[in-house]
Structures are given as structure tokens and as C-alpha cells.
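To start, the structure under review is shown below, and the notes come after it.
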Amino acid sequence: MQRGLSLDRRIDKDLNLVTNTTPPFHESAVLASVYSQKLDFARFIAICSIVWGHAVIVIPPTILKNYSYIHSFVLQSGKVGTVMFFIISGFFLNRKIETFTVPGYLRYRTFSLIVPWISCLSLYILILIIDDLAFKEVVKENAWVSIKSIVVLYKDFIFYTSYWFIPIAILSSCILIVFKNFINKMWFGLILLCITLFYDINFYYNWVSALHTKAIFGYVFFVWLGIQINAHLKIVDILLQKISWKVVVPLLIVGLWASCYEGWKLSLLGSADSYASLRFSNAIFSVVLFFSILKFKDIDWLNYLHPRKYVFGIYLIHCIVISMLKPKIEKVLLSEGFFDTAIHLLIAQVLLFVFLFSLVQLIVIAIKESRFSAFLGR
């Protein structure tokens, strides 16, 4: 009996020890799970912004001058997703960065990102080649010239279409893996911020290419920021709970206005990429919007859209679908006089986006549910 009582006391002591030590770990796990779901919401908003940006209707200058303010809003709405995707990339990189080497990271991303990216990029180029009669004539006459032309196409499609994102995201992650011993040093983050600010200022002075797709080191800061958000998630959660929507909403409104204004101003200055994602105003607005999304509660309805499963596929496929259909739709809209008023222009833009996004989503779902699901990565 005495031994039984002693054993019971030991069990109670062990249970108390477990009970006293479990909550912090449990709380951390629950918090990470909650924010992973919120990041799915951020993914969905970001991909909507990206598709919207590439679905913008090309308006003749004679019509555009009357709707410059609407056009500025439309263009700006398609630029917030880029920065948000880099932050999300950093958030999930934080969990494994200590164990990664650059070769290990590239192996890890080979079949989940790199192979699907190359496959869809090649499909996009193949479709263009098949549709280009002039290119067919080149192939017939000179095979070597056609090979060089294909290489040029790959380079152009990487730097001038949405396919630039994956190589820049991988490069940014590799840079942080190389310098992971300094990842939590504030001075390191400030250096990355200064590099980003250099690209911001460059939009006005053109010291290097002003295209945001060629700002290869400008996005590392946002990946680093995502890592820091994950590393200090409990502090972030407390701050988000303390900040009122009465503060957040005005910040979003001012940020949107500032982003539209800077884009409009840069276009007047003749900037090569007046609505670039890396503009200072857009970067600030994108970060504020990202934290605003993290502040949301009760977003279970998003589970029906499965953004974690389909977003990457939408990114890979949307450029192909839009390039094939948008010019034809624009031609019809212009011929039918859809741009007589600003409200007609905005309605046409919204309807075009909804149609293209829905079509791409259906194509991605069909592929992901088929035997060819690996084509769109894991």
C-alpha cells in the first residue's frame, strides 16, 4: 500500500510537471496553426492582386487621359501581391533555415517549385512559338538562329512576365541561408532595407534598370521580414490585438492613396516601371495590408477555396490563359464602346478579372485532381 501511494505521488508529480511545462509549447503550436491559416488568406489576396495586375485592360491613350485616376487605382491594385508573397515565403523559411544549406534548399525546392516553374514557362514559350508564323519561318531557314531565338525568349519571359518571381524568391532565400548566422541581427536587416531603398530611389534616377523584375536583391528584405514575423509571432500577435481598426483603416486608405499618387507621378516622369512593386509607397502599403490580414479573425470560410493547394498553380497558369484570351476580349470591349464612362471601365475590369480568375482556378483544380497534379508542384 505504501509503495502504491508513493507511486501515485510520483505520477501526480510527473503530471504536474507536464501540466506546468506543456501550455507554452501548446500555446505556441496553436498560435502557429492560427497564423498559418491567416497566411492562407494572405496567399489568396496576394494571388488575386497578381492576376488582377496582369488582367488590366490596355486602354488607348485617347481614352486613357479621361480616366487616369481610375487607371491609377486599377494598376496599383495589382501590385500589393508581390511583396506579400515574399513575406509569406520568409515566414515559412524560418522553420527550416537553421537546417538548410544552399544545395539542400535547392534539392528541397526542385520538385515543389523549380521543375513546375520550368515546365509551365516552357509550355508558355511553346504556345507562343506555335502561334508565331514568323518564328516558324526562322526555324525552317536556320536551326542555329532558332535556338538563339528560343534562348532570348526564355530570358525575356523570365524578366518580363510573372515567371520572374520564382528565381528571385529562390535567390533571396539562398542569400539568407548563406548569411543565416546574422539573420537575427538588426544591423543585417538594416543592410537589406538599404538595398531595397536603393531600388526605390532608382525609380526616379535610373542608375540601374528600373524594372522591378530586375531588382534581384531588392526583395531579400521582405523575405527577412517574414522570417522575423515568424520568429517573434507571439509579440506580433499581442501588437495586432492592441492596435485598433480605427488606426489600421486610415493607414490603409492613406497608403493606397500614396501608392496611386506615386505611380501616377512616376508615369509623368517617364519612369520605365512607374507602378513597380518595389516603390516605397507600395512596399509600405503592402506591409500594412499584410499585417491587416493577420489581424482578421473568423476566416474559416476560406478553407473551401483551398488556397494552399491551388495558389501556386494559379500563379503558374494564369499568365498563359491571360495572354491567350485577354487581347481578344479587349478588342471586343473596345469595339462595343465599353469605355464611355469611368464606371463602365471599372465594371469591365472587374468582370474580366472574375472571368479570367475563375477560368484559371477551374483549370488548376482539374489538373491538381488528375494524374498530372505534379505538373503544378506540391
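All values derive from a computational prediction rather than experimental measurement. Atoms considered below: every heavy atom in the structure, side chains included; atoms not considered: hydrogens, waters and symmetry mates.
Side-chain N or O atoms of Asn282 include one that pairs as donor or acceptor with a backbone N or O of Lys79 at under 3.5 Å. Remark: the backbone N or O of Ile183 is paired with a side-chain donor or acceptor of Gln228 at under 3.5 angstrom. Ser119 contributes no side-chain N or O that, together with a main-chain N or O of Phe375, makes up a donor-acceptor pair within less than 3.5 Å. With Arg43 contributing its side chain and Val311 its backbone, the two residues share no donor-acceptor pair below 3.5 Å. Remark: side-chain polar atoms of Ser271 are not paired, donor with acceptor, to backbone N or O of Ser267 under 3.5 angstrom. Judged by distance alone, the side chain of Ser72 and the main-chain N or O of Tyr69 form no donor-acceptor pair under 3.5 Å. The closest donor-acceptor contact from the side chain of Arg109 to the backbone of Leu106 lies at 3.5 Å or more, if one exists at all. For Ser89 (side chain) and Val223 (main-chain N/O), no donor-acceptor pair under 3.5 Å exists by modelled atom type. In terms of modelled atom types and a separation under 3.5 Å, the side chain of Lys295 and the main chain of Leu240 share a donor-acceptor contact. Under the 3.5 Å distance criterion, the side-chain polar atoms of Gln349 are matched with a main-chain donor or acceptor of Ile57.
Using a 4.5 Å heavy-atom threshold, the side chains of Thr196 and Val220 count as separate. Looking at Gln37 and Phe41, their side chains never come closer than 4.5 Å, going by heavy atoms from C-beta outward. In this structure, the side chains of Trp52 and Val74 come closer than 4.5 Å at one or more pairs of heavy atoms. Annotation: side chain of Phe222 is not in contact with side chain of Met84 (no heavy-atom distance under 4.5 Å). Within the 4.5 Å cutoff, the side chain of Lys214 has no heavy atoms near those of the Val208 side chain. Phe85 places a side-chain heavy atom less than 4.5 Å from the side chain of Ile50. At a threshold of 4.5 Å between non-hydrogen side-chain atoms, the residues Phe157 and Cys319 do not count as touching.
Ring geometry for Tyr105 versus Tyr108: interplanar angle of 30 to 60°, hence tilted. Aromatic ring pairs are classed by plane angle as parallel below 30°, tilted from 30° to 60° and perpendicular above 60°; the pair Tyr124 and Tyr163 is tilted. Taking the six-membered ring where tryptophan is involved, the planes of Tyr219 and Trp164 are tilted, since the angle between them lies from 30° to 60°. Taking the six-membered ring where the residue is Trp, Phe312 and Tyr315 present parallel rings, their angle staying beneath 30° rather than reaching 60°. The aromatic rings of Tyr310 and His306 sit perpendicular to each other, their planes meeting at more than 60°, with 30° as the lower class boundary.
Of all heavy-atom pairs spanning Leu316 and Pro116, the tightest one is CD1-CB, 3.8 Å.
Counting only N and O atoms by type, the side chains of Glu262 and Tyr204 include a donor and acceptor under 3.5 Å apart.
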Point to revise | CA sep, side-chain torsions, deciding dist, call: Tyr35, Asp237, side-chain hydrogen bond (donor to acceptor under 3.5 Å, both in side chains) | key: CA-CA 9 Å; Tyr35 275 89; Asp237 182 62; 2.7 Å; yes
